[in-house]
Amino acid sequence: MGVVLLVFAGRLVYIQGYKAEHYATAAENTRLSVLNVPTMRGDITDADGNPFAMSVEVRTVFVDPEVIDAKQRDKVVDELVDRFGLDPGTVAAKVDAKPSRYQVVKKNVPPKEWMALNELGLEGIGSERDYKRVYPAETGAANLVGFTGSEGEGLEGLESVLDETLAGQAGKRQVEIGKTGTQIPMAGGLAKEPVPGKNVRLTLDRDIQWNAQKALSKQVDALGAEGGSVVVMRKTGEVVAMADAPSFDPNDIDGTTPEARRNGAVGDAFEPGSTNKVITAAGALEEGLTTPDTVYTVPYSVKRYDRTFRDSHFHETERMTLNGIMAQSSNVGTIQVGEQLGAQKLYDYLGKFGFGKPTGLDLPGENAGILSNPDDWWGTQLPSVSFGQGLSVNAVQMAGVYATIANDGVRVEPTVVAGTENDQGEFTPAEEGKKERVVSKKTAGEVKLMLEAVTGEHGTAQQAAIPGYRVAGKTGTANRINPDTNKYKGGGYTSTFVGMAPVEDPELIVQVVLHNPKKDYYGGEGAAPVFTDVMSFSLKSLKVEPSTGKAPNLRLFEDE
């Protein structure tokens, strides 16, 4: 026994005398742990700072059963149950949990509610600061902005794409770990200050975004369409609004579907139909192959190889100018212009206007559309592509075409992010979009006047006229492929309208797409009313001065 005691004594002297510091440090490292301290996620705002997504402070309320006074036990349970609407049995179990120092009672508690509870002075109740992501109601930007997950990370939309910028850096806090493994946050100390995320300022206008969403949803419902998109863009590429239907509430994503959450403005590709004729006309003008007053013999239908192409409405053979072909939206006339231009040149201009490649917005789920190489075109594809069939685009791409015409022939890569702002309020603008001249200022000016005739007395979209403003635009009614047969028959239609105003100095471009409306599927009947609503509201909202001049009288037919 003496020998054994001597060994134990020697070991004790060794541990306490020679290795005391080592074992003390090891014990402390075992007892202490470093946890992340949540930081404020940056806001996503419109161009004027109005929030589309923001973080608000909340509290996580917890109890420390070891500290709760037995005399106050019932009052603690009653207050927690009454204030937070909790189950009495669940709360009582947490209050009585032993051995334990940390039991979460309620998350996402508003600070005012916590302060009211804290003022009661009940021992053993504490809170931790956290942040909750909220989205102001009815902004109409859910499909673009996206949403975050339960841990605050961006899951879809801009929340996901810009997650690294918005998230910031979490802080570090030491907490003591009890013998049962529970955390004791009151014993910790802040080891590293959290760094808040940057705010992201978009190019959007909150009011215009809201109105675009409202007008689109109303028309989709009225026509029984599968969905649709509205894009409002400045001629220099800044997106002012991007609305989609169907949509969803990012504050309550439970029960939503991927289809309702997708950003159709970049994710849904469609055949542009007659809105594509502007590229055919611009290319032929730029190459010097025609003029606005060049006269064409335009029958109701023409046959190319094994297919007969027709105009949308019957007419006798007419002698139309290029102005008239655009104003009347003649497929047959456009085919003649496209054949003048040729397959390779038409393909080149389609590419220059932004078809067949990403928009540059870097949004998730983008569909760049289909633009096949002319070497792969079969006999009827040149006439088809000339008036907007046999290729596909998304709504932003199509809006960009008309923005290029509005911008005197210079294409600017579209953008939706204006810049970022740090916690000191310092704003850093985003890089400017790439610029490329596509057609000359002269060609763009001639095309603008042709498009203005579309909304005139003899045009196909008189519904798009806006009192006081000169408006230029183009209707589009394209067949949709039937997925069951891979043919047009039974596939329905895509109704589109895209235009600009005021013509003399275009401020805005509005692109409207309706997918498979069950009635009023022609672009002038289905999509044009949405264009008129959105453009009228936007011009007034931005206080754009009405036009002072009048539209010139263009020669549409030979005998005029």
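Within 6.0 Å of atom CG in Asn553, 12 or fewer heavy atoms from other residues, nucleotides or ligands are found, so the atom counts as exposed in its surroundings. By the 6.0 Å contact criterion, NZ on Lys518 is enclosed, its count of non-hydrogen atoms from other residues, nucleotides or ligands being greater than 12. Remark: Lys435 NZ is loosely packed, at most 12 non-hydrogen atoms of other residues, nucleotides or ligands lying under 6.0 Å away.
Counting only residues at least two apart or in different chains, side-chain hydrogen bond (donor to acceptor under 3.5 Å, both in side chains) contacts with residues 463-477 comprise Ser329-Lys474, Glu452-Arg470, Thr460-Thr475.
Every residue two or more places apart in sequence or in another chain was checked for a side chain to side chain donor-acceptor pair (under 3.5 Å) with Ser160, and none qualifies. Shown here are the side-chain contact (heavy atoms from CB on, under 4.5 Å) partners of Thr496, two or more places apart in sequence or in another chain: Phe270, Thr275, Thr494, Gln511, Val513.
Side-chain atoms of Gln209 and Asp205 form no donor-acceptor pair, as typed in the model, at a separation below 3.5 Å. In this model, a donor atom of one side chain and an acceptor atom of the other lie less than 3.5 Å apart for Ser229 and Asp244. No hydrogens or angles considered: nothing links the side chains of Lys489 and Asn479 as a donor-acceptor pair under 3.5 Å.
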Please assess Glu421 against Lys198 for the test salt bridge (Lys or Arg N to Asp or Glu O under 4.0 Å), listing each intermediate value before the final yes or no. CA-CA 6 Å; Glu421 185 180 77; Lys198 294 181 179 179; over 6 Å; no
Report the C-alpha distance between Lys352 and Glu436 in whole Å, list the side-chain angles of each, state the deciding distance to 0.1 Å, and finish with yes or no for salt bridge (Lys or Arg N to Asp or Glu O under 4.0 Å). CA-CA 8 Å; Lys352 288 179 181 179; Glu436 177 186 4; over 6 Å; no
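Between Thr45 and Phe52 the shortest side-chain heavy-atom distance does not fall below 4.5 Å.
Applying side-chain hydrogen bond (donor to acceptor under 3.5 Å, both in side chains) to Ser384 and the options Gln389, Arg304, Glu271, Arg307 leaves one that passes, Arg307.
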